[in-house]
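Read the structure below first, then the notes.
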Number of protein chains: 2
Amino acid sequence: MESIPERVFDKLAEKNIKPSFHRIKVLEYLMVNKNHPTVEQIYSSLKKLFPTLSKATIYNSLNLFVEKGLVQPITIEETEIRYDSTVESHGHFKCECCRKIYDFGIDIDSIPSSGLDNFIIYSKEIYYRGICRNCADVKSSQRS
Amino acid sequence: MESIPERVFDKLAEKNIKPSFHRIKVLEYLMVNKNHPTVEQIYSSLKKLFPTLSKATIYNSLNLFVEKGLVQPITIEETEIRYDSTVESHGHFKCECCRKIYDFGIDIDSIPSSGLDNFIIYSKEIYYRGICRNCADVKSSQRS
DNA sequence: GTTTGTATTTATAACCGTTATAAATTTATA
DNA sequence: TATAAATTTATAACGGTTATAAATACAAAC
Ligand SMILES: [Mn+2]
Ligand SMILES: [Mn+2]
Ligand SMILES: [Zn+2]
Ligand SMILES: [Zn+2]
């Protein structure tokens, strides 16, 4: 079992991205924190560890990672982009109540679609919205 | 077969939205132009017909329609929201080349998913990205 | 080791889609 | 007609993202 620091290096090397100090930290953050963080969340967390860090570096790194297919942007929010280092097929559920974004299992490629003959498909995203189990529980217990 | 103006009235009445002049025009625009227009596109088109129109009215109307479930916001773009008066199950494909957003057929509710037990699902969105048939044709003919 | 060129990071201004606010106008009610 | 409520307008404010140029770090050549 490879450790996260090792995997960070491998992933960067795999995509021919020079492993600068900050890039390593940003990718590592995403691989440790799988809760689809925003730029602001990544920035404020890493800023505590490295006070000279600039927010532009977060944008630079993330845009590079997305361009190279290392990281997936999640546009389920209308206001800001979230980032996910898991690029394998899975769906995202946003709870309208607690705003948390959950992963869920779904095999996107097994889904039949029509009207896309001769279209070249690069990526597929599935977004569900609603109320998560935790929030639904709270609501139903409030009712009783 | 009901005409679009009739359907506009019915849809607004169905959701208890007062059919003001501008709301009718905005919804009518969305039902005629099924190309998932942005606020700017709706505004500049209607502004030509009604020069006193304010962009805030477009935002007001669309936000009301979305809130009432009459219109679906499409967040496939990172920069701006697009709007769709078709709320029935279908997917959206964005061509990275010509930027056009296509509808495609997909039965979202037939897709099995895991990890969402006891989650309450309000809406489902499916976004694909890639190169549309037209752009793929152009590219392959350029190669030859 | 020093010089020179390149890549990365930093700091900050600019951009732009959206929201908030208050005044003006229209519509409904008494 | 007078009054209240709803809608529209105009515009300022907000906030996430991008653009820009200077500063710093890194690498290659000498
Ligand atoms: Mn995820
Ligand atoms: Mn559509
Ligand atoms: Zn929740
Ligand atoms: Zn195209």
Side-chain angles (χ1 to χ4, degrees), chain A residues 8-9 12-13 15-29 36-68 70-84 94 99 101, chain B residues 8-9 12-13 15-29 36-68 70-84 94 99 101:
Chain A
V8 167
F9 266 90
L12 291 172
K15 301 287 185 180
N16 292 312
I17 299 172
K18 221 173 272 181
S20 74
F21 178 81
H22 296 96
R23 285 173 184 163
I24 290 167
K25 292 303 169 188
V26 171
L27 184 54
E28 195 172 69
Y29 184 91
H36 317 99
T38 64
V39 166
E40 180 56 38
Q41 288 170 332
I42 301 170
Y43 173 67
S44 60
S45 296
L46 293 181
K47 180 85 173 174
K48 287 175 194 150
L49 305 174
F50 318 107
T52 64
L53 181 68
S54 166
K55 192 180 273 190
T57 299
I58 310 294
Y59 280 103
N60 290 341
S61 302
L62 289 173
N63 287 342
L64 181 64
F65 295 165
V66 169
E67 194 187 321
K68 299 281 187 178
L70 207 58
V71 158
Q72 192 185 7
I74 308 295
T75 61
I76 197 170
E77 305 264 9
E78 304 76 23
T79 50
E80 57 191 336
I81 304 174
R82 291 171 172 275
Y83 294 88
D84 193 345
K94 180 186 174 187
R99 309 276 150 185
I101 291 174
Chain B
V8 167
F9 265 92
L12 291 172
K15 301 288 184 178
N16 292 311
I17 298 171
K18 224 174 270 183
S20 75
F21 178 81
H22 295 97
R23 286 173 183 163
I24 290 167
K25 292 303 169 188
V26 172
L27 185 54
E28 195 171 69
Y29 184 91
H36 317 98
T38 63
V39 166
E40 180 56 37
Q41 289 169 331
I42 302 169
Y43 173 67
S44 60
S45 296
L46 293 181
K47 180 86 174 173
K48 288 175 193 148
L49 305 174
F50 318 106
T52 63
L53 180 69
S54 166
K55 190 180 274 190
T57 299
I58 310 293
Y59 280 103
N60 289 341
S61 302
L62 290 172
N63 287 341
L64 182 63
F65 295 165
V66 169
E67 192 187 322
K68 298 281 187 177
L70 207 57
V71 158
Q72 192 184 6
I74 309 294
T75 62
I76 197 171
E77 305 263 9
E78 304 77 21
T79 50
E80 56 191 335
I81 304 173
R82 292 172 171 276
Y83 294 90
D84 193 345
K94 180 185 172 187
R99 309 275 150 186
I101 291 173

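Chain A is the first sequence line, chain B the second, and so forth, proteins listed ahead of strands; every chain is numbered from 1.
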Sugar-phosphate only, base, or nothing, as touched by Thr38(B) at under 4.0 Å among non-hydrogen atoms: nothing

Partner residues of Glu77(B) under the side chain to side chain contact (heavy atoms under 4.5 Å, CB included) criterion, sequence neighbours left out: Thr79(B), Arg82(B), Lys94(B), Ile101(B)

Separation of dT8(C) C1' from Lys25(A) NZ (nearest whole Å): 17 Å

Main-chain N/O of Glu78(A) paired to Thr75(B) side chain as donor or acceptor, under 3.5 Å: no

Side chain proximity check, Ile58(B) to Val26(B), heavy atoms < 4.5 angstrom: yes

Residue closer to the 5' end of DNA chain D, Glu78(B) versus His22(B) (nearest nucleotide): His22(B)

Without placing hydrogens or testing angles, list every side-chain donor-acceptor pair under 3.5 Å for residues 59-66 of chain A, not counting sequence neighbours.
residue  : atom : partner  : partner atom : Å
Asn60(A) : ND2  : Ala56(A) : O            : 3.3
Ser61(A) : OG   : Thr57(A) : O            : 2.8
Asn63(A) : ND2  : Tyr59(A) : O            : 3.3

Pairing nucleotide - dA30(C), Watson-Crick or G-U, each distance under 3.5 Å: dT1(D)

Set of side chain to side chain donor-acceptor pair (under 3.5 Å) partners for Ser54(A), sequence neighbours left out: none

Which atom of Ser45(A) lies closest to which atom of Gln41(A), heavy atoms considered: OG-O, 2.9 Å

Sequence-distant partners of Glu40(B), salt bridge (charged side-chain N to carboxylate O under 4.0 Å, His left out), two or more places apart: Lys55(B)

Outermost DNA chain D nucleotides near chain A [under 4.0 Å, heavy atoms]: dG16(D) to dT18(D)

Nucleic acid contacts - residues 53-66 of chain A versus DNA chain D, non-hydrogen atoms under 4.0 Å: Tyr59(A), Asn63(A)

Rounded distance in Å - CD (Glu80(B)) to P (dC15(C)): 17 Å

Nearest heavy atoms of Leu53(B) and His22(B), plus distance in Å: CD1-CD2, 3.4 Å

